[in-house]
Trainee: 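Below is one structure. I have some questions about it.
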Amino acid sequence: MHLRLMVGLIVLLLSVTFATSAQETASSKPFILPVAVPPGPSTWLMGQPYGNTTGAFNNGQAWYSAGQGIHFGLDLSMPCGTELVAIGDGEVLFVDDLGFGSAPHNLLIRHQAQGLVTLYGHLLERSPLQPGQWVNRGDVVGRSGDPDVVCDSRPHLHLEIRSLDYRTLFDPVDYIDAPWHTLATIGSFGYPLFQQDMFNPRQWMSLDDQPDVVLGGRILNAYTSTRPLPRGLQPPPNPPLPRAEVPLAENATFVLRPLGFAQCCPLPWWHPTDANRLYVVDGSPNQQANIFEWSVADAAPFQVVSQAPPPILSPDGSHQMIYNNGQVFIRRLSDGADWNVQTQGSVPAVSADNTQLLWEVRAQATLPGQPTSMTQFWVSAIDGQNARVVQAQPGGSARWLDGYRLLISTPLPENRATLLTVLDTRDDTRYDLGAWEWLRGLDVAPGGERLMFYLTRHADPAVNGLYTLQVQPGAVAQKLDWFGAWRWRDSHSVYAIPFEPNSVI
């Protein structure tokens, strides 16, 4: 069965949203990208944007405490050895001054005309430039590396833009002319980039709305109520329930209608079984936000459902997972019945048929660059009975595919690959779907019968790209003839945003 690609609705939506702002601001930005080659799965892609990212929220105290808890640079993922260029004319200030961080090698350039300093971090080797040397925009200044020095861990460029006194850091998106919104969509574009504060839900939730950082200042994202949930409280992901939509005609037209209040709302989500009901989080600063239910039919708010953050629900919305002071409870919403389940404090996911739980127990939180901690994958009946470990391994993840099958991802550090295994919880039989190097963006279709993912950084450019795979023994991954972003429309089709880095999106 071939994957039907539905293109148009999302492309049109993003074009209307971003084209105007990109055209208006491109000519006013003084700098170019630090990489001369165009972006793509074989060259470079956006890794972690600057700002209030989910990664910074979870790792802020360990990695970004000096930078007010947010990611105060821009990470571009690329193979080691990629040539880097000066983003503007300037004078070399420092070479390998690790007082600025970003080991194993770094470079700082002063752009006096703009009143700014750029830092190139995690370089492969010492830059050949010398302090006091002048560089012109586009000159090669070094080669990208890996902060773990091995080039097979997390190779990327960390780029910072600072004030001349080095104390204030700014968002590179505001200064570099590039199709940032296009770059940020790669993969399954339902994944949140930024951490949302339930007491200020609109703040710092887009590429164009991120704060300046003052080194040594107070933590900016010390949220007490937030989403996504903090690491350790987020349950394994579930695919939506199976659904089959009527195929769209090739000449189908789309009508855009705004949903939500003005400038609202990041991270909306659909009702699990009713396609006409949409939910958003919104509210005034310094007040607990609310969850609003919107009617798609009349594009108007229907009602306030509850206070935010959103509850953790089973795939069909019939059960809620509640975490309270280290205890986990399951609530059946039809009658309000609650029961406690012993999960060692981990929040579980519910199988598609509401009969089983899945949760992960990790020895400790693993930060980038540290040895991966052991992870146990547990399953039980929905009442918590008959709990057992179905697999233990360093790192990785597991998720329900349906009512009884798990998809387990196992990292294979020796060759940078990810092994995908399907486990049947009825009898613990299993089979491997395969292993792929540099696998990214793993996404499960509604119903769990198909996967999508993309591959990057292979020496053979023909290998890099977007793939789909049926979840069955002996299935072969099929490479698609486009690359970019997607969201599942139903169990066998997607809405797509083809990657066009030269567009204005």
Side-chain angles (χ1 to χ4, degrees), residues 46-75 77 101-102 121-122 147-148 153-154 156 158 160 169 171 184 187-201 203-207 209-211 213 217-238 266-267 281 308-310 312 321 323 325-326 328 343-349 359-377 394-399 409 411 440-442:
M46 180 183 284
Q48 181 176 197
Y50 171 101
N52 178 39
T53 64
T54 59
F57 175 77
N58 283 299
N59 298 326
Q61 292 301 316
W63 288 82
Y64 309 116
S65 58
Q68 299 192 271
I70 74 168
H71 186 235
F72 48 81
L74 171 69
D75 290 347
S77 298
S102 294
H122 307 321
D148 301 323
S153 174
R154 47 195 178 110
H156 68 277
H158 174 79
E160 296 176 5
L169 295 101
D171 188 352
S188 175
F189 53 86
Y191 184 78
L193 291 175
F194 301 108
Q195 194 73 26
Q196 190 173 34
D197 181 7
M198 295 298 96
F199 286 88
N200 200 349
Q203 180 177 252
W204 306 333
M205 291 301 295
S206 74
L207 293 175
D209 168 35
Q210 296 301 318
V213 167
R218 66 176 180 85
I219 299 297
L220 296 175
N221 56 357
Y223 303 150
T224 57
S225 181
T226 184
R227 70 169 181 148
L229 290 172
R231 178 183 290 138
L233 298 182
Q234 186 74 33
N238 275 337
L267 309 181
V281 170
I312 306 170
M321 276 57 68
Y323 178 86
N325 293 325
V328 176
T343 61
Q344 302 180 53
S346 297
V347 179
W359 66 92
E360 301 175 355
V361 175
R362 298 183 185 271
Q364 60 184 17
T366 300
L367 296 177
Q370 294 183 348
T372 304
S373 61
M374 289 298 297
T375 302
Q376 294 178 336
F377 304 122
S397 63
R399 66 182 77 183
S409 301
R440 296 292 183 269
L442 180 64

Trainee: CG of D171 to CG of D209: how many Å apart, nearest 0.5 Å?
Mentor: 9.5 Å

Trainee: Would you call the rings of H158 and F72 parallel, tilted or perpendicular if under 30° counts as parallel and over 60° as perpendicular?
Mentor: perpendicular

Trainee: Using every non-hydrogen atom in the two residues, find where N221 and G69 come nearest and quote the distance to one decimal.
Mentor: ND2-O, 2.9 Å

Trainee: Looking only at heavy atoms, what is the nearest atom pair of G396 and R362, with distance?
Mentor: O-NH2, 2.9 Å

Trainee: Using 0.5 Å steps for rounding, measure from the CD atom of Q48 to the NE2 atom of H156.
Mentor: 8.0 Å

Trainee: Ignoring hydrogens, what is the shortest heavy-atom contact between P201 and Q196? Give both atom names and the distance.
Mentor: O-NE2, 2.9 Å

Trainee: Compare every heavy atom of N52 with every heavy atom of W204, then report the nearest pair and how far apart it is.
Mentor: O-ND2, 3.4 Å

Trainee: Please answer whether the main-chain N or O of G47 pairs with a side-chain N or O of D75 as donor and acceptor at a distance below 3.5 Å.
Mentor: no

Trainee: Under a 3.5 Å cutoff, is there a donor and acceptor pairing between the side chains of E360 and T375?
Mentor: no

Trainee: Would you say the side chain of M205 lies within less than 4.5 Å of the side chain of P192, judging by non-hydrogen atoms?
Mentor: no

Trainee: I need the N58 CG to Y64 OH distance, nearest 0.5 Å.
Mentor: 11.0 Å

Trainee: Does Q68 reach the main-chain N or O of R218 with its side chain, forming a donor-acceptor pair under 3.5 Å?
Mentor: yes

Trainee: Considering non-hydrogen atoms only, spot the tightest contact between S225 and F199 and give its length.
Mentor: CB-CE1, 4.0 Å

Trainee: Using the side-chain contact (heavy atoms from CB on, under 4.5 Å) rule, pick out the option among L229, L267, V281 that qualifies with P310.
Mentor: V281

Trainee: Any side-chain heavy atom of N238 within less than 4.5 Å of one from R399?
Mentor: no

Trainee: Using modelled atom types only, decide if a donor and an acceptor are shared between the side chain of Q210 and the backbone of S206 within a distance under 3.5 Å.
Mentor: yes

Trainee: Any heavy-atom pair between the side chains of Q195 and P228 that's under 4.5 Å?
Mentor: yes

Trainee: Quick one: does P348's side chain get under 4.5 Å of M321's, heavy atoms only?
Mentor: yes

Trainee: Check step by step if side chain to side chain contact (heavy atoms under 4.5 Å, CB included) holds for E160 and S102.
Mentor: CA-CA 10 Å; E160 296 176 5; S102 294; 4.3 Å; yes

Trainee: Is there side-chain contact between F194 and L207, with at least one heavy-atom pair below 4.5 Å?
Mentor: yes

Trainee: Measure across G67 and V213 and return the closest heavy-atom pair with its distance rounded to 0.1 Å.
Mentor: O-CG1, 3.4 Å

Trainee: Counting N and O atoms only, with roles assigned by atom type, does the side chain of Y50 sit under 3.5 Å from a partner on the main chain of L169, one being a donor and the other an acceptor?
Mentor: yes

